[in-house]
> 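Got a structure here, written out as structure tokens. Questions coming.
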Amino acid sequence: MAMNNNEDVTKSSSDAIPAGGLSEGTTSNNKEDSTADLDPSPRARRTSAASRGSAGRSSVTSAESGSTNFLRRASDLVLKRFSTTEHRQSTSSIPSLPGLDFWTRMANDDGCWDDVKDDDDFVHEQFSFKLLYLRLQFSLKQGYQTVVSHPYIGFAALLCLFALLAVSLATTVLLANQYKETKISNAQDVALDTGLWFRDQLDKSIFPLFALGNFVKEMTIFQDLPFLIGKGGEPGSAPYRNDTVLTHRNVSGICDNVTKMNEFNRIAKSIKDDANMDGVLVALNIAPASVVCLAYPMLNTEDFTPPLYLNNSGAIGHDLLKDPKRRLAASQTLKFFKPTVAGPRTLVQCPDCPPAVRMAFIAMMPIFMPPEMGYNITADDGASYSAYGFASAIINWERLRDQSDIFQRFESRGMQFELYKVDHNFNTTTNQYQDITSVLAKSAGADSIGESNFFNVSLPTTNNNWTIGVAYNDGVEAPWFPWALAVSIILSIVLSVLLFVILIEKQQRRELLRQIIPDQAIKKLQQKQVVVDKFNMVTLFQSDIIGYTSMSAEMTPIKVMQMLNSFYNGVDKLAIKHGVYKIKTIGDAYICIAGCPDVCSGPDGAERIALFALDMMEFTTNFRTEEGAEISLRAGIHSGELVAGIVGFLRPQYTVFGDTSTVASKMESSSKRMKIQCSDVTWRLLQDAPHYNFMFQEAKEQVQMEDGRIKGKTWFIEGANLLGKKDIISK
């Protein structure tokens, strides 16, 4: 039944189009329009057929004669159109058969499409930046209107931009910091490895001192030396060489004992050879009563490449606790009961030696003895210790530095370094101790890099405050950071703009879809559900342009479409104004409905449609084509129940099914020029309209349906006024 009803709607709507092709007519009841419109439409033919059926078959010959006259007049009208159109010349054959309607003849007439083809050729052949600009301008305008009407698009794009910027910038900064931390960590690892290597070497130089101290403790040949040297300044002790500079004592006849020297040389040589520190451990000596007495080797040439050498004879008699430059280190090793390493220092025993030999570290360890043995040493703070004296070793700093490969180690990694230490030394000028920073080693390019680019690493060396400053030639900052920031910002903007455009296009597609299909139906379609709804009471409107064919006979296809667009765009605005739902336009027919798909009460829906119809008539009255021609309408309204839905998923269309649409179509086809005909059902609903009083004129002719049913009384809506007011809205 639904399909049949739908077919009726289609047929009725097709009747509203100039299906016959030449002019619009009315049914046999519309006598006042019969001379103006020649419409051999199916509707007219059905009406005539119904009349002939009711009157019998006696007038067949007359009907055929009338039909022949009609076709002759239609053909004359077509020939007249093509003979009077100056700008369209066509050599094609114009069919004059009566079965071809207006649109078919237009399609067959190549000449009338010349201007359309010219426009198409212009679009394709005359592409220019101006055309591109116009298209872009149109797109921007449409996008702006979409954003203004839907502010969430701009907010979403801005939120996306801020989020992307926050994430991308935070990620970029994080990666840059990780890059920086990684470089610093790598430099710290290199620095720490270097410090550990030096610590191991310095610790290795201390081991021989333990062996040397044990030998001194065990061998009686050396145990009398502290007593022979004695305390400085006491009677019978070894005297100072210079009464004004109390740093060296005269130990002749004590420390030059051949037996003691030979035994010490034998023991010291064995210890030095076992240390396996050739070129680094360059001397071993003992200092009984803190005075250097025995040294090995006295003249060292084996650890140096000629002409370098080390002469240790100048160290004999050196009083470590009296020399301000050695006093602190000697006192600390007594106080803490452990070895100390001081330096690098300038050796006093070889003033004529090359600088590469004179700069050395001094490893020193106290030799403690049992108190009952009578040994006693007084430190710089006056404290006394039961100690024999000191065992010490001389470490060649230049050879140790070269063996560390420190320069190549940092240079190969693109780093510069500065190795330094802080010593607490005695200032002979001020007679006070002060911290002095000594640079132990420095790369060639260290001075070319600003101090702010260095970061310091404390090294775990023995009894020394060693620090190494490290800087990269190219710095620790990520070189790609500025570019990464720029790329992050650009990508964030691009992605946000893309989202902005996508949201605009999505919203435009949604709005376009909503203009075709109701929201409820869209949701069901998206969920692949069948769209079908029942409505108990709706009011349906249908209109048709009268004289459409004759009016458009002198117009080009573009002019025809421009006229229809101009007219129905205005009608669409009225539909929006009154809250009615546009079903479709078929040619020059317009169909809309109230109460579907948005449900409302019967009187309310009828009122909306009636007001819309009155406004449409007023709009039609004032409408003029570009040529200044007027148009006329006839309209029909009916109320009742129907079913609405969508069939298929390919190009879906919201369609109504039921007798209500058929009756509304009949109300339109049987209406009169610039009249709004409504059924008795709609008339009763309008009596209860919530906001307006409507004025009616009862139609004289009865409306007969295709199946022979008589629809009872019908009414023409003449006008309306607000309840309680006298202002009249008329057609």
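In this chain, residues are counted from 1 in sequence order. These figures come from a predicted structure and were not determined experimentally.
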> Verify, without hydrogens or angle tests, whether Ser679 (side chain) and His638 (backbone) share a donor-acceptor contact under 3.5 angstrom.
no
> Can you check whether Met617 reaches Ile676 side chain to side chain, under 4.5 Å on heavy atoms?
yes
> Within a reach of under 6.0 Å around CH2 of Trp483, are more than 12 heavy atoms found that belong to other residues, nucleotides or ligands?
no
> Nearest 0.5 Å, please: how far is OG1 in Thr660 from CD1 in Ile637?
13.5 Å
> Could you tell me the separation between the NZ atom of Lys573 and the CG atom of Asp615, rounded to the nearest 0.5 Å?
14.0 Å
> Is a side-chain donor or acceptor of Gln697 paired with a backbone partner of Glu718 at a separation under 3.5 angstrom?
no
> Is there a donor-acceptor pair under 3.5 Å between the side chain of Ser492 and the backbone N or O of Ser488?
yes
> Compare every heavy atom of Ser458 with every heavy atom of Leu192, then report the nearest pair and how far apart it is.
CD2-O, 3.8 Å
> For residues 136-147, which side-chain N or O atoms pair as donor and acceptor with protein atoms under 3.5 Å away, sequence neighbours left out?
unit_1, atom_1, unit_2, atom_2, d
Ser139, OG, Arg135, O, 3.1
Thr146, OG1, Gln142, O, 2.9
Thr146, OG1, Gln508, NE2, 3.2

> Is the ring pair Phe567/Phe623 parallel, tilted or perpendicular, if the boundaries are 30 and 60 degrees?
perpendicular
> Taking all non-hydrogen atoms of both residues into account, name the closest pair between Pro690 and Leu723 and its distance.
O-CD1, 3.3 Å
> Is Ser632 reaching over with its side chain to a backbone N or O of Met674, donor-acceptor style, under 3.5 angstrom?
no
> Which heavy atom of Ala187 sits nearest to which heavy atom of Met415, and what is that distance?
CA-CE, 3.7 Å
> Residues in salt bridge (charged side-chain N to carboxylate O under 4.0 Å, His left out) with Arg624, at least two apart?
Glu630
> I need the Thr655 OG1 to Ile583 CD1 distance, nearest 0.5 Å.
8.0 Å
> Can you list the residues that meet the side-chain hydrogen bond (donor to acceptor under 3.5 Å, both in side chains) rule with His150, with sequence neighbours excluded?
Gln507, Glu511
> Show the numbers, then the answer: is there a side-chain contact (heavy atoms from CB on, under 4.5 Å) between Ile489 and Leu169?
CA-CA 8 Å; Ile489 295 174; Leu169 293 180; 4.1 Å; yes
> Sub-3.5 Å donor-acceptor pair from the side chain of Glu618 to the main-chain atoms of Leu614, do we have one?
no
> Take Arg634 and Glu668 through the test side-chain contact (heavy atoms from CB on, under 4.5 Å) and record every step on the way to the result.
CA-CA 6 Å; Arg634 58 171 174 256; Glu668 176 270 319; 3.0 Å; yes
> If we check side-chain contact (heavy atoms from CB on, under 4.5 Å) with Val457, which of these qualifies: Ile468, Ile184, Thr467?
Ile468
> Do Ile593 and Leu642 come close enough that some side-chain heavy atom pair is under 4.5 Å?
yes
> Are any of the side-chain heavy atoms of Pro652 and Ile517 separated by less than 4.5 Å?
yes
> Taking the side chain as C-beta and beyond, is there a heavy-atom pair between Phe657 and Val647 under 4.5 Å?
yes
> Could you tell me if the side chain of Lys180 sits less than 4.5 Å from the side chain of Glu477, heavy atoms only?
yes
> Please enumerate all residues that pass ring pair (Phe, Tyr, Trp, His ring centres under 6.0 Å) together with Tyr654, with sequence neighbours excluded.
Tyr581
> The test is side-chain contact (heavy atoms from CB on, under 4.5 Å); show your working for Val580 and Thr539 and say whether it passes.
CA-CA 10 Å; Val580 299; Thr539 300; over 6 Å; no
> For Gly154 versus Phe500, what's the shortest heavy-atom pair and its separation?
CA-CE1, 4.1 Å
> Looking only at non-hydrogen atoms, find the nearest pair between Ser566 and Phe619 and report the distance.
O-CZ, 4.5 Å
> After noting the C-alpha distance and the side-chain angles of Ser496 and Leu164, does the key distance pass the side-chain contact (heavy atoms from CB on, under 4.5 Å) rule?
CA-CA 8 Å; Ser496 299; Leu164 288 175; 3.8 Å; yes
> Would you indicate whether the side-chain heavy atoms of Ile717 and Leu686 approach each other to under 4.5 Å?
yes
> Could you tell me the separation between the CG atom of Asp680 and the CG atom of Leu685, rounded to the nearest 0.5 Å?
10.0 Å
> What is the ring orientation for Tyr179 with Trp480, classed by angle as parallel under 30°, tilted 30 to 60°, or perpendicular over 60°?
perpendicular
> Donor-acceptor pairs under 3.5 Å, side chain of residues 523-531 to any protein atom, not counting sequence neighbours: which ones?
unit_1, atom_1, unit_2, atom_2, d
Lys524, NZ, Asp533, OD1, 3.4
Gln527, OE1, Gln529, NE2, 2.8

> Could you measure the distance from the CZ atom of Arg509 to the CD1 atom of Ile502? Nearest 0.5 Å is fine.
8.5 Å
> Listing request: all ring pair (Phe, Tyr, Trp, His ring centres under 6.0 Å) pairs with a residue in residues 516-544, at least two apart in sequence or in separate chains.
Phe541-Phe612
> So, does Gln416 use its side chain to make a donor-acceptor pair with the main chain of Gly445 at under 3.5 Å?
yes
> So do the side chains of Ser185 and Glu181 get within less than 4.5 Å of each other, counting heavy atoms only?
no
> Quick check: closest heavy atoms across Gln677 and Met667, and the distance to 0.1 Å?
NE2-O, 2.7 Å
> Taking the side chain as C-beta and beyond, is there a heavy-atom pair between Asp544 and Ser669 under 4.5 Å?
no
> Without swapping roles, check the side chain of Ser665 against the backbone of Ser661 for a donor-acceptor pair under 3.5 Å.
no
> Return yes when atom OH of Tyr152 has more than 12 non-hydrogen atoms of other residues, nucleotides or ligands closer than 6.0 Å, and no otherwise.
yes
> Give a yes/no verdict on a cation-pi contact between Lys183 and Tyr472, requiring under 6.0 Å between NZ or CZ and the six-membered ring centre and an angle within 45° of the axis.
yes
> About how many Å separate OG1 of Thr172 and CG of Leu485, when rounded to the nearest 0.5 Å?
5.5 Å
> Between Asp598 and Arg608, does any side-chain N to carboxylate O distance fall below 4.0 Å?
no
